[in-house]
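Since this is a predicted model, take the numbers as computed values, not measurements.
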Amino acid sequence: MEEGKTKKKVMVAIDESECSHYALHWALDNLRETISDSQLFIFNAQPLPTYLSASTYGAPPADLITTVQENQKKVALALLEKAKEICANHGVEAETMKEVGDPKEAICDAVEKLKIELLILGSNGRGAIQR
């Protein structure tokens, strides 16, 4: 990289799906030069639990909410650590980030906030008719 030139910012958004892991591997294999000269962010957005909106018979117990939130946090952290390990195995250093909320909005907000120049996403796994 030339002196004085700022690093390009690249983000790979991942979730538990096979498609997002494929996107991460694909990016590391096919965009190696771009990614190795960039600041890489691995991003995960955990959707808000559906029980909050589906609770038509009153509020769910507080301990249930806490347990579900803690479990989601553990899943997200494990997912990000695995992705960081995959990057390290490819000789790429990555920074991880997680948010809670609608993934579409959280990804767009993170891209704007961090001034991401290249965003890599997997397919949603649905066919053309389901989309």
Side-chain angles (χ1 to χ4, degrees):
M1 178 178 288
E2 297 173 19
E3 259 186 64
K5 189 175 179 184
T6 60
K7 286 187 166 188
K8 183 180 290 188
K9 293 183 179 181
V10 176
M11 178 186 283
V12 180
I14 63 168
D15 59 18
E16 297 88 5
S17 74
E18 197 174 305
C19 294
S20 73
H21 289 281
Y22 176 81
L24 176 61
H25 283 282
W26 183 91
L28 292 167
D29 291 339
N30 294 290
L31 303 175
R32 177 180 297 277
E33 191 174 309
T34 299
I35 289 176
S36 64
D37 289 341
S38 302
Q39 185 177 4
L40 178 62
F41 296 90
I42 306 296
F43 182 83
N44 174 259
Q46 288 292 317
L48 291 171
T50 54
Y51 64 83
L52 292 176
S53 60
S55 180
T56 57
Y57 299 107
D63 58 336
L64 173 64
I65 294 172
T66 302
T67 302
V68 171
Q69 288 173 336
E70 287 173 359
N71 187 47
Q72 276 190 317
K73 185 177 181 179
K74 286 179 187 175
V75 168
L77 292 174
L79 187 65
L80 291 170
E81 279 306 309
K82 173 88 170 143
K84 197 171 184 175
E85 184 181 309
I86 291 167
C87 291
N89 290 340
H90 281 79
V92 175
E93 191 175 318
E95 186 176 327
T96 59
M97 301 175 58
K98 69 177 185 60
E99 294 289 335
V100 175
D102 178 29
K104 292 175 272 191
E105 291 177 17
I107 291 167
C108 291
D109 290 346
V111 165
E112 281 183 22
K113 179 180 171 186
L114 296 169
K115 297 179 176 31
I116 298 295
E117 297 169 81
L118 175 61
L119 173 63
I120 300 163
L121 300 167
S123 167
N124 60 11
R126 298 181 190 149
I129 292 175
Q130 287 179 315
R131 276 195 302 265

Using 0.5 Å steps for rounding, measure from the [atom1] atom of [X] to the [atom2] atom of [Y].
X	Y	atom1	atom2	value
Leu114	Phe41	CG	CZ	5.0 Å
Lys73	Asn71	NZ	CG	12.5 Å
Cys87	His25	SG	NE2	9.0 Å
Glu18	Ser123	CD	OG	11.0 Å
Ile116	Met11	CD1	CE	4.0 Å

Spell out, as yes or no, whether a donor-acceptor pair under 3.5 Å connects the side chain of Ser20 to the backbone of Gly122.
-> no

If only atom types and distance count, is the side chain of Gln72 paired as donor or acceptor with the main-chain N or O of Pro47 below 3.5 Å?
->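 Side chain of Gln72 to backbone of Pro47, a donor-acceptor pair under 3.5 Å: yes, one is there.
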
Mind listing the closest non-hydrogen atom pair of [X] and [Y] along with its distance?
X	Y	value
Ser38	Lys8	CB-O, 3.0 Å
Ala110	Phe43	CB-CE1, 3.7 Å
Ala45	Gly101	CB-O, 4.5 Å

Run through the side-chain heavy atoms of Ile, Leu, Val, Met, Phe, Trp and Tyr, join any pair under 4.5 Å, and report what else lands in Trp26's cluster.
-> Val10, Val12, Ile14, Tyr22, Leu24, Leu28, Leu31, Ile35, Leu40, Ile42, Leu79, Leu80, Ile86, Val92, Leu118, Ile120

Residues which pass side-chain hydrogen bond (donor to acceptor under 3.5 Å, both in side chains) with Glu93, listed by chain and number, not counting sequence neighbours |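 Result, side-chain hydrogen bond (donor to acceptor under 3.5 Å, both in side chains) vs Glu93: none returned.
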
Have Gln39 and Glu117 got a donor and an acceptor in their side chains that come within less than 3.5 Å?
-> no

Output every pair passing side chain to side chain donor-acceptor pair (under 3.5 Å) with a member in residues 94-115, not counting sequence neighbours, ordered by first then second residue.
-> none

Heavy-atom side-chain contact between Glu85 and His90 under 4.5 Å =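 Not in contact.
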
